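Heads up, the thing below is written out as structure tokens.
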Amino acid sequence: MRKTSRFLLCCICCCMGIAGAREQKTDDLRRRGTLDNCRIKFEREKKGRVAFMGGSITEMEGWREMVCRELQDRFPDTEFDFINAGISSTGTTPGAFRFERDVLCRGPVDLLFEEAAVNDETNGFSDIEQIRGMEGIIRQARISNPEIDIVMLHFIGDGMLMPLSQEVTPAVILNHEKVAEHYQIPSINLAEEVAQRMKAGEFDWPTFGGTHPAPFGHRIYAAAISRLFDEMWHSPLRESERIHPHNLPATPLDANSYFGGQLVDIRQAKLGKGWKYTAVWQPELPAATRKGFVHVPAIEALKAGAQLHFRFTGKTVGIFHVAGPDTGIIEYSVDGKPFREKDLFTEWSEGLYIPWMTILETGLNEGRHELVLRMSEKHHPAGKGQACRILYFAVD
């Protein structure tokens, strides 16, 4: 196994005026468990599947490609299959339900990178939801493949600057760290490292590039991951070393975490008057869209009173939908209980059909249930209609 990448990247950083990107020592690395299983696969079997799950910071070009090159450089004879499972605007809750579709799509994964701190905070998920979503991903990953190695990443966003400047760890990172500790997963608190280095005067927020980093910021993220590799793979593999399943805690942190999450075909719903199925949905109003969430199958309602029925088996039900300028308010009932309201309009909906997951009911008894969903006559003050467009049902 070669370790030339460390020297090369440091040289590049020096040439670009960012000397010390690799050498900067902070307590951002949380060294839990091991990354030995994937190392054995890469080094001895010469094959490996690596998945990157997160939001736009993962989906965009940057640190992910750098880490791919880093792994290929460390294991030059290995045939890698890299999976980009980053989707802009999404955090751990949609991540837990799309995990099977987007991460396990090509078979067992050997190494998983998971980042979601920025979107879980920005999208307003509660402390409970942040734990349920992250545990849903991590526990599901370990159930799908007990040998999978996982690295949890905490990136930095605008909303974290104030608490970090006061040396206060954002709540979302503390919540995700509870999951990392419970499952003994190594993590890297990049938010902490970046904040410390800005405080030390090494660079400022615009130079870093902000929430969606400039190439400079992506290099800092990749350098920290490389440092984790160096520390966890510092000694040669022993001849006796073998792949072992990781310990899966018998009890989850939250029994209602989404580790059984799945996306269910919308055609399983019974559509009433006012709902229609379209095989290639596209918006009529002028607004931005996200790749993968336009020109896709959807069920759509545009007027108040439109109603559907959806039967499912599980303890949680929700919808994975696009929330745009004309998105309205829904009323829903599970198993004949009184109807409740949920406003689907988001703070980004005026100019974007944003992919959004809304959990409607959780903590149900395991077994068969029925969801009734209808459009309300009311709508958000900034909304332009009473529409709902569902791409999948979410069931745990």
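Computed from a prediction, not measured in an experiment: that's the story for all the values here. Position 1 is the first residue of the sequence; numbering continues from there.
Here the SG-CD distance, from C38 to E45, works out to 11.5 Å after rounding to the nearest 0.5 Å. For the atom pair CG of D396 and CD of Q262, the computed distance is 8.5 Å after rounding to the nearest 0.5 Å. Put simply, CG on D127 and CG on N175 are 4.5 Å apart, with the number rounded to the nearest 0.5 Å. A distance of 13.5 Å separates CD1 of I173 from NZ of K178, quoted to the nearest 0.5 Å. H321 contributes atom NE2, which lies 12.0 Å from atom CD1 of I299 (distance to the nearest 0.5 angstrom). The CH2 atom of W275 lies 15.5 Å from the NZ atom of K270; values are rounded to the nearest 0.5 Å.
Residues M60 and H212 form a side-chain contact, since some pair of their non-hydrogen atoms from C-beta on lies under 4.5 Å apart. F113 has its side chain out of reach of T58: every pair of non-hydrogen atoms, C-beta onward, lies at least 4.5 Å apart. Between F52 and C68 the shortest side-chain heavy-atom distance falls below 4.5 Å. Residues R267 and Y277 meet the side-chain proximity criterion, which asks for heavy atoms closer than 4.5 Å. Contact of the H309 side chain with the L371 side chain is not registered, since no non-hydrogen atoms from C-beta on lie closer than 4.5 Å. Contact check for R368 versus R311: side-chain heavy atoms found under the 4.5 Å cut-off. Counting heavy atoms from C-beta outward, I188 and R30 have side chains that stay 4.5 Å or more apart. Annotation: side chain of I83 is not in contact with side chain of V50 (no heavy-atom distance under 4.5 Å).
Remark: Y332 pairs with no residue by the ring pair (Phe, Tyr, Trp, His ring centres under 6.0 Å) rule, at least two apart or across chains. K276 meets the salt bridge (charged side-chain N to carboxylate O under 4.0 Å, His left out) test with E300; sequence neighbours excluded. Y221 is linked by a ring pair (Phe, Tyr, Trp, His ring centres under 6.0 Å) to F155, F208, counting only residues two or more places apart in sequence or in another chain.
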- Item | Steps toward side chain to side chain donor-acceptor pair (under 3.5 Å) verdict (E147, H246) | CA-CA 6 Å; E147 299 169 357; H246 292 281; over 6 Å; no

- Using the salt bridge (Lys or Arg N to Asp or Glu O under 4.0 Å) rule, take E361 and K315 through it: C-alpha gap first, then chi angles, then the decisive distance, then the call. CA-CA 8 Å; E361 199 78 60; K315 58 185 180 181; over 6 Å; no

- Task: Evaluate the criterion salt bridge (Lys or Arg N to Asp or Glu O under 4.0 Å) for residue pair K46 and E79; output intermediate values, then yes/no.
- Result: CA-CA 6 Å; K46 310 297 183 185; E79 179 184 341; over 6 Å; no

- Applying side chain to side chain donor-acceptor pair (under 3.5 Å), run through E177 and H154 and close with a yes or a no. CA-CA 9 Å; E177 278 292 300; H154 310 306; 2.7 Å; yes

- Query: Would I156 and T211 count as a side chain to side chain contact (heavy atoms under 4.5 Å, CB included) if you check the C-alpha gap in whole Å, the side-chain angles of each, and the deciding distance to 0.1 Å?
  - Reply: CA-CA 6 Å; I156 186 169; T211 299; over 6 Å; no

- Candidate pair R74 and F229, rule side chain to side chain contact (heavy atoms under 4.5 Å, CB included), full reasoning: CA-CA 10 Å; R74 286 175 180 265; F229 290 157; 3.6 Å; yes

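Donor-acceptor pairing under 3.5 Å is recorded for the side chains of T207 and D204. Side-chain contact annotation: Q282 with H295, donor-acceptor N/O pair under 3.5 Å present. Side-chain contact check for W205 and D158: at least one donor-acceptor pair (N or O, by modelled atom type) lies under 3.5 Å. In this model, no donor atom of one side chain and acceptor atom of the other lie less than 3.5 Å apart for H369 and T313. Of the N and O atoms on the side chains of H176 and Q130, not one donor lies less than 3.5 Å from an acceptor on the other residue. Defined by atom type and a distance below 3.5 Å, a donor-acceptor pair is present between the side-chain atoms of R32 and S187. Side chains of N189 and D28: no donor on one and acceptor on the other come within 3.5 Å. Side chains of E129 and T93: no donor on one and acceptor on the other come within 3.5 Å.
In this structure, the side chain of T358 does not engage the main chain of I319 through any donor-acceptor pair within 3.5 Å. Between the side chain of S226 and the backbone N or O of A223 there is no donor-acceptor pair closer than 3.5 Å. Side chain of S333 to main chain of P338: no donor-acceptor pair is present (N/O by atom type, distance under 3.5 Å, no hydrogens or angles). No side-chain donor-acceptor contact under 3.5 Å links K378 to the backbone of Q386. With hydrogens and angles disregarded, a donor-acceptor distance shorter than 3.5 Å links the side chain of W233 to the backbone of L35. Side chain of D120 to backbone of F125: no donor-acceptor contact under 3.5 angstrom is found. Between the side chain of T92 and the backbone N or O of G95 there is no donor-acceptor pair closer than 3.5 Å. Between the side chain of D149 and the backbone N or O of L111 there is no donor-acceptor pair closer than 3.5 Å. Looking at Q307, its side chain never comes within 3.5 Å of a backbone N or O of G272 through a donor-acceptor pair. Under a 3.5 Å cut-off, the side chain of T78 and the backbone N or O of F42 do form a donor-acceptor pair.
Through side-chain heavy atoms spaced under 4.5 Å, either directly or across other Ile, Leu, Val, Met, Phe, Trp or Tyr residues, Y353 is tied to I87, F97, Y258, L263, W281, L285, F293, V294, V296, F320, V322, M357, I359, L391, Y392. Other cluster members for V280: none, since no ILVMFWY side-chain heavy atom sits under 4.5 Å from it.
Between R340 and E331 no salt bridge is recorded (no basic side-chain N to carboxylate O distance below 4.0 Å).
In terms of heavy atoms, L104 sits closest to S144 at CD1-CB, 3.7 Å. Of all heavy-atom pairs between P213 and H218, the closest is O-CD2, 3.3 Å. Here the closest heavy-atom approach between residue L161 and residue M198 is recorded as CD2-CE, 3.8 Å. P355 and S88 make their closest contact through CG-O, 3.7 Å (heavy atoms, listed as atom of the first residue, atom of the second, distance). When all heavy atoms are compared, the tightest approach of V395 to F310 is CG2-CE2, 3.8 Å. The shortest non-hydrogen separation linking T90 to P94 is CB-CG, 3.7 Å.
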Would you mind writing out the side-chain donor-acceptor pairs for residues 131-141 within the sub-3.5 Å range, not counting sequence neighbours?
| residue | atom | partner | partner atom | Å |
| --- | --- | --- | --- | --- |
| R132 | NE | D254 | OD2 | 2.9 |
| E135 | OE1 | L253 | N | 3.3 |
| E135 | OE1 | D254 | N | 3.1 |
| E135 | OE1 | S257 | OG | 2.6 |
| E135 | OE2 | Y183 | OH | 2.6 |
| E135 | OE2 | L253 | N | 2.6 |
| R139 | NH1 | Y183 | OH | 2.9 |
| R139 | NH1 | P249 | O | 2.9 |
| R139 | NH2 | P249 | O | 2.9 |
| R139 | NH2 | A250 | O | 3.4 |
| Q140 | NE2 | A96 | O | 2.9 |
| Q140 | NE2 | G136 | O | 3.4 |

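Note that R197 lies outside the cation-pi zone of F203, set by a 6.0 Å cut-off to the ring centre and a 45° limit from the axis.
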